[in-house]
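Structure first, then comments.
Just so it is clear: chains get the letters A, B, ... in the order the sequence lines come, proteins before strands, and each one is counted from 1.
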Number of protein chains: 2
Amino acid sequence: MVINQNIAKLLQDSGYKLTRQRRVIIEVLSKNERPLTALELYHQVKDKIPTISQDTLYRNLEVLSFIGVANRIRVRGGDRFELVQQHHHHFICLKCGEVKCLKGCPIGPGQLAEARKNDLEVLFHNFELSGYCDKCRSCQKEG
Amino acid sequence: MVINQNIAKLLQDSGYKLTRQRRVIIEVLSKNERPLTALELYHQVKDKIPTISQDTLYRNLEVLSFIGVANRIRVRGGDRFELVQQHHHHFICLKCGEVKCLKGCPIGPGQLAEARKNDLEVLFHNFELSGYCDKCRSCQKEG
DNA sequence: ATGGAAAATAGGAATATTCCTATTTAGGAG
DNA sequence: CTCCTAAATAGGAATATTCCTATTTTCCAT
């Protein structure tokens, strides 16, 4: 699989080098639909680069997320990572832990007003919902 | 200092016991204005209960946050915790790491619509902004 | 006040994440 | 193509967070 040219360009334009490790991490991310845990990612990447370190994985996920290529979803029990296809947000099930992607983004100028008032320069935003997913709703009383 | 009766009641009504550890954790949280790191909290609590374990601290912060008494703000380099005075959200400075509280909450039914459409039961939401704080804006090119 | 069950704790083990540093590599200049 | 430098890597150390379990504590019923 050849890495998306846009991503390659984004990296280089931002002053980051296109290393084998980065290429593989992006490849693995792009092959998966759902947000993966660091461990899941690590195993899949390790299949192709057995010597890769966890630090390299985390460091690059940080870089990718900084330039807007990946998302890091901070959740209890292990953060999840995904390739950014289109800006969106997440729902986290408090029972099964599953992370679901929500279409669209309901955050607009109205939601950023307070920060502006306080003279803060907003570059990014993160919006997460949590509760019970459709599957877990029906059996909230169980285990 | 006597612990806020509302909190004590909230704990018990939710089926949680009012232990010495919980009392002290809440006391320490209530004495601090800004969100504290787990380590800062740990030291302050340890002054009063030298044998307390980090697990107890984390476990109780989880409980307190579950019943809406505390907030956990997940950020790079160590999560921050605060007592919930009034529902609000945060701004995280990408340069100095400081966490600022924003007044009010701009999240309404419109922001939850997509989740409802997907048959998800929303119980909580989290909204975070990041960028440069007022102090760091003026010297973005440095350090 | 006393007994007992469920909940909570302390500590240590297991994970998850970040930091540090000597070595290697990507990518530009010649 | 070769050299050079800044950026990136591997690995291990250091933190941060969660899990596990034997023991202790809270609190309800008596």
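Between Glu27(B) and Lys48(B), at least one side-chain N (NZ, or NE/NH1/NH2) sits under 4.0 Å from a carboxylate O, which counts as a salt bridge. With salt bridges taken as basic N to acidic carboxylate O contacts below 4.0 Å, none links Asp79(A) and Arg74(B).
Within the model, atoms CG of Asn71(A) and NE2 of His90(A) stand 5.5 Å from one another, a figure rounded to the nearest 0.5 Å.
Partner Ile25(B) forms a side-chain contact (heavy atoms from CB on, under 4.5 Å) with one of Thr19(B), Leu61(B), Ile49(B) and no other, that one being Leu61(B).
As rounded to whole Å, 14 Å separates atom P of dT26(D) from atom CG of Leu11(B). Taking atom CG on Asp13(B) and atom C1' on dC27(D), their separation rounds to 14 Å, with Å as the unit.
The nucleotide range of DNA chain C contacted by chain A, defined by atoms under 4.0 angstrom from heavy atoms of the protein and reported 5' to 3', is dA16(C) to dG27(C).
Projected onto DNA chain D by closest heavy-atom contact, Asp79(B) and Gln21(A) fall at different nucleotides, the more 5' of which corresponds to Gln21(A). Between Gly78(A) and Lys17(A), the residue whose closest nucleotide on DNA chain C is further toward the 5' end is Gly78(A).
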Anything under 3.5 Å between a donor and an acceptor, one on a side chain of residues 106-117 of chain A, the other on a protein residue two or more places apart or in another chain? List them.
unit_1: Gln111(A); atom_1: OE1; unit_2: Gly108(A); atom_2: N; d: 3.0
unit_1: Gln111(A); atom_1: NE2; unit_2: Pro106(B); atom_2: O; d: 2.9
unit_1: Glu114(A); atom_1: OE2; unit_2: Asn118(A); atom_2: ND2; d: 3.2

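Contacts of residues 49-71 of chain A with DNA chain C (heavy atom under 4.0 Å): Gln54(A), Asp55(A), Tyr58(A).
Separation of the His125(A) and His89(B) ring centroids does not fall under the 6.0 Å cut-off.
Shown here is Phe124(B), whose CZ atom has more than 12 heavy atoms of other residues, nucleotides or ligands within 6.0 Å.
Leu120(B) and Val99(A) sit in two unconnected hydrophobic clusters of ILVMFWY residues. Membership requires side-chain heavy atoms under 4.5 Å apart, directly or through other members.
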